[in-house]
*Asks:* 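This structure is in structure tokens; I'll ask about it shortly.
What you are looking at is a predicted structure, and each value in this text was computed from that prediction instead of being measured. Quick note: numbers below take in every heavy atom, side chains included, and nothing from hydrogens, waters or symmetry partners. Proteins come first, then strands; the chains are lettered A, B, ... in the order of their sequence lines, and each starts at number 1.
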Number of protein chains: 2
Amino acid sequence: MIAEDDRAVRESVTRALELEGYTVTAVTDGVAALDAASGSGVDLLLLDLGMPNMDGLTVCRRLRSAGSRIPILVLTARTEVSDRVSGLDAGADDYLPKPFSLDELLARLRSLLRRSTFDDTDAPATITVEDLVIDEAARRAWRGERELELTKTEFDLLELLARNTGVVLSHSSIYDQIWGYDFGPDSKALAVYIGYLRRKTEDGGEPRIIQTVRGVGYTLRFS
Amino acid sequence: MIAEDDRAVRESVTRALELEGYTVTAVTDGVAALDAASGSGVDLLLLDLGMPNMDGLTVCRRLRSAGSRIPILVLTARTEVSDRVSGLDAGADDYLPKPFSLDELLARLRSLLRRSTFDDTDAPATITVEDLVIDEAARRAWRGERELELTKTEFDLLELLARNTGVVLSHSSIYDQIWGYDFGPDSKALAVYIGYLRRKTEDGGEPRIIQTVRGVGYTLRFS
DNA sequence: AAGATTCTTACGAATTCCGAACCTTGGCGA
DNA sequence: TCGCCAAGGTTCGGAATTCGTAAGAATCTT
């Protein structure tokens with residue numbers, strides 16, 4: 001995620017990162033940065049110091065005091081040593097003075113990401129499919145910025161589909177994995193839950209991601 | 001540990017760090033650096049790139065390929081972007097161009113050390129989640145300024161939840177970790193303790209931090 | 001013996017589940 | 001092109017689960 005109010009910088013960095021294959025979310029003020037980075041689904045934060053609403057340093061401190069360990073790379077036009085010091089002491093992981101070269105940004109970014117993925121001893125905590133993000137540990141899910149409020153069965157079902165993105169799951173295999181047994185062939189329970197999920201995932205006008213495969217089952221896929 | 005062949009830099013940095021209370025070992029060439037840093041007992045490596053016997057970048061790569069995760073801060077006179085990039089890609093954690101100010105060196109050093117001690121999965125002395133502070137050693141807890149008076153089981157439960165902030169813990173996993181075994185599925189013991197903790201953590205009108213995840217368990221989270 | 005602490009039980013409240021009835025859609029043969 | 005019909009979608013509401021809390025018994029501490 002990039003938090004930067006200067007449109008030129010924000011857009012050029014976003015474009016460059018996307019070319020490199022990263023998925024980028026851009027925000028333009030401190031409060032939005034704090035909000036978005038507080039949830040999961042953000043792997044690294046590029047943070048400008050001078051932003052409206054909330055100063056970058058404050059965002060940094062807030063995130064750290066909330067226990068977030070997300071890697072933070074601070075961007076700033078200020079070049080005084082004292083600024084760097086306060087940035088690092090606020091909990092930033094690295095510091096890059098403007099103007100910076102794209103190569104250096106990418107290198108520092110790789111370095112931070114390599115370090116943070118090292119930390120993850122176990123399986124990836126989140127599944128990301130386009131704008132759908134599922135945090136398995138927290139049992140929370142987002143479509144874009146919007147958090148979905150899911151009941152147990154709804155979450156289990158969405159997680160199952162997301163773990164098998166692009167794969168068609170048959171009715172009976174879904175019944176097996178969610179309920180542990182197959183209901184009668186005339187049970188509409190699964191259809192009901194697919195309905196719930198579709199309503200909740202498309203509530204903001206987003207395109208459909210849960211596709212019906214007639215005569216077979218369902219699959220999670222963009223189309 | 002500092003690896004630096006220029007005597008003036010080596011000695012002044014050593015002296016400054018010792019004044020700050022660090023214990024410093026100094027070596028003057030790449031082979032010695034690799035040897036000393038391969039063992040344990042070194043918390044952080046200040047590495048000059050231009051050294052006799054073995055180049056700093058090579059030291060860096062060797063250490064990383066041997067699985068060492070020691071924080072490495074690269075010092076160099078070279079200022080070209082390509083040097084920075086190759087340094088970071090060789091596995092360095094941070095980069096400081098000469099000449100550097102002592103203040104900045106110290107700040108980056110603190111940042112790296114904080115990061116690496118963070119990584120230690122074992123006991124941080126206190127857990128902080130927003131305005132909730134838990135001192136594990138003293139077995140005391142505060143919500144804001146107010147100290148919570150907790151019984152043994154209450155404290156254990158709150159600590160468990162706080163160690164897993166944002167993660168949903170299932171009933172059985174909580175029973176396992178707090179009581180050592182699962183009570184019957186119709187025991188309400190857990191619900192009762194959750195109730196006690198909620199009463200005590202919300203006594204001053206604070207917002208709820210212990211959330212129930214229906215059908216699954218509980219999680220500690222702000223929302 | 002008094003007080004704390006742990007844990008069970010009982011019951012009300014809230015949520016979630018899912019069968020059933022009815023509606024919509026898509027594929028297919030005439 | 002039309003109409004049929006089976007598969008899938010939607011809605012409703014009672015049943016079943018799950019949760020929260022009060023009251024109190026059992027056990028441990030001081």
*Asks:* I need the residues from residues 146-161 of chain B with at least one non-hydrogen atom less than 4.0 Å from DNA chain C; give them sorted by number, or say none.
*Replies:* B:Thr151, B:Lys152, B:Thr153
*Asks:* How do B:Arg214 and B:Tyr196 order along DNA chain C: which one's closest nucleotide is nearer the 5' end?
*Replies:* B:Tyr196
*Asks:* Take the C1' atoms of the five end pairs on each side of the helix from C:dA1-D:dT30 to C:dA30-D:dT1, get both axes, and report the angle to 10 degrees.
*Replies:* 30°
*Asks:* Between A:Thr219 and A:Arg221 (side chain of the first, backbone of the second, donor and acceptor by atom type, cut-off under 3.5 Å), is there such a pair?
*Replies:* no
*Asks:* Classify the angle between the aromatic ring planes of B:His171 and B:Tyr218 as parallel (below 30°), tilted (30 to 60°) or perpendicular (above 60°).
*Replies:* perpendicular
*Asks:* Between A:Ile194 and B:Val192, which is nearer to the 5' end of DNA chain D once each is assigned its nearest nucleotide?
*Replies:* A:Ile194
*Asks:* Report the distance from atom CZ of B:Arg208 to atom C1' of D:dC19, rounded to the nearest whole Å.
*Replies:* 11 Å
*Asks:* Using whole Å, what does the distance between atom C1' of nucleotide C:dG19 and atom OH of A:Tyr175 come to?
*Replies:* 11 Å
*Asks:* Which pair of non-hydrogen atoms, one from A:Asp5 and one from A:Arg10, has the smallest distance, and what is that distance?
*Replies:* O-NH1, 3.4 Å
*Asks:* Please give, in whole Å, the distance from D:dC19 P to B:Tyr193 OH?
*Replies:* 18 Å
*Asks:* Can you tell me how far the CG atom of A:Leu47 sits from the CG atom of A:Leu73, to the nearest 0.5 Å?
*Replies:* 9.0 Å
*Asks:* Show the nearest heavy-atom pair for residues A:Leu169 and A:Leu160, with the distance to one decimal.
*Replies:* CD1-CG, 3.9 Å
*Asks:* Taking the nucleotide of DNA chain D with the closest heavy atom to each, which residue, B:Gly215 or B:Arg199, is nearer the 5' end?
*Replies:* B:Gly215
*Asks:* Which whole-number value in Å describes the distance from B:Ile210 CD1 to D:dC19 P?
*Replies:* 15 Å
*Asks:* Any donor-acceptor pair under 3.5 Å joining the side chain of B:Tyr218 to the base of D:dC19?
*Replies:* no
*Asks:* Tell me whether the side-chain N/O atoms of B:Ser187 come closer than 4.0 Å to OP1 or OP2 in C:dT8.
*Replies:* yes
*Asks:* Nearest-Å distance, CD (B:Gln211) to P (C:dT15)?
*Replies:* 14 Å
*Asks:* Nearest-Å distance, NZ (B:Lys188) to P (D:dT17)?
*Replies:* 12 Å
*Asks:* I'd like to know whether A:Leu34 forms a side-chain contact (heavy atoms from CB on, under 4.5 Å) with A:Thr58, so could you lay out the CA-CA distance, the side-chain angles of the two residues, the decisive distance to 0.1 Å, and finally the verdict.
*Replies:* CA-CA 9 Å; A:Leu34 185 57; A:Thr58 309; over 6 Å; no
*Asks:* Do A:Val42 and A:Thr25 touch side chain to side chain, with heavy atoms closer than 4.5 Å?
*Replies:* no
*Asks:* Any non-hydrogen side-chain atom of B:Thr153 less than 4.5 Å from a side-chain atom of B:Tyr196?
*Replies:* no
*Asks:* Below 4.0 angstrom from OP1 or OP2 of C:dC17, is there any side-chain N or O of A:Trp179?
*Replies:* no
*Asks:* Does any part of the side chain of A:Glu206, heavy atoms only, come nearer than 4.5 Å to the side chain of A:Thr201, both counted from C-beta?
*Replies:* no
*Asks:* Take atom NE2 of A:His171 and atom C1' of D:dA6, then tell me their distance rounded to the nearest Å.
*Replies:* 13 Å
*Asks:* Check the distance between C:dC18's C1' and A:Ile178's CD1 and give it to me in whole angstrom.
*Replies:* 15 Å
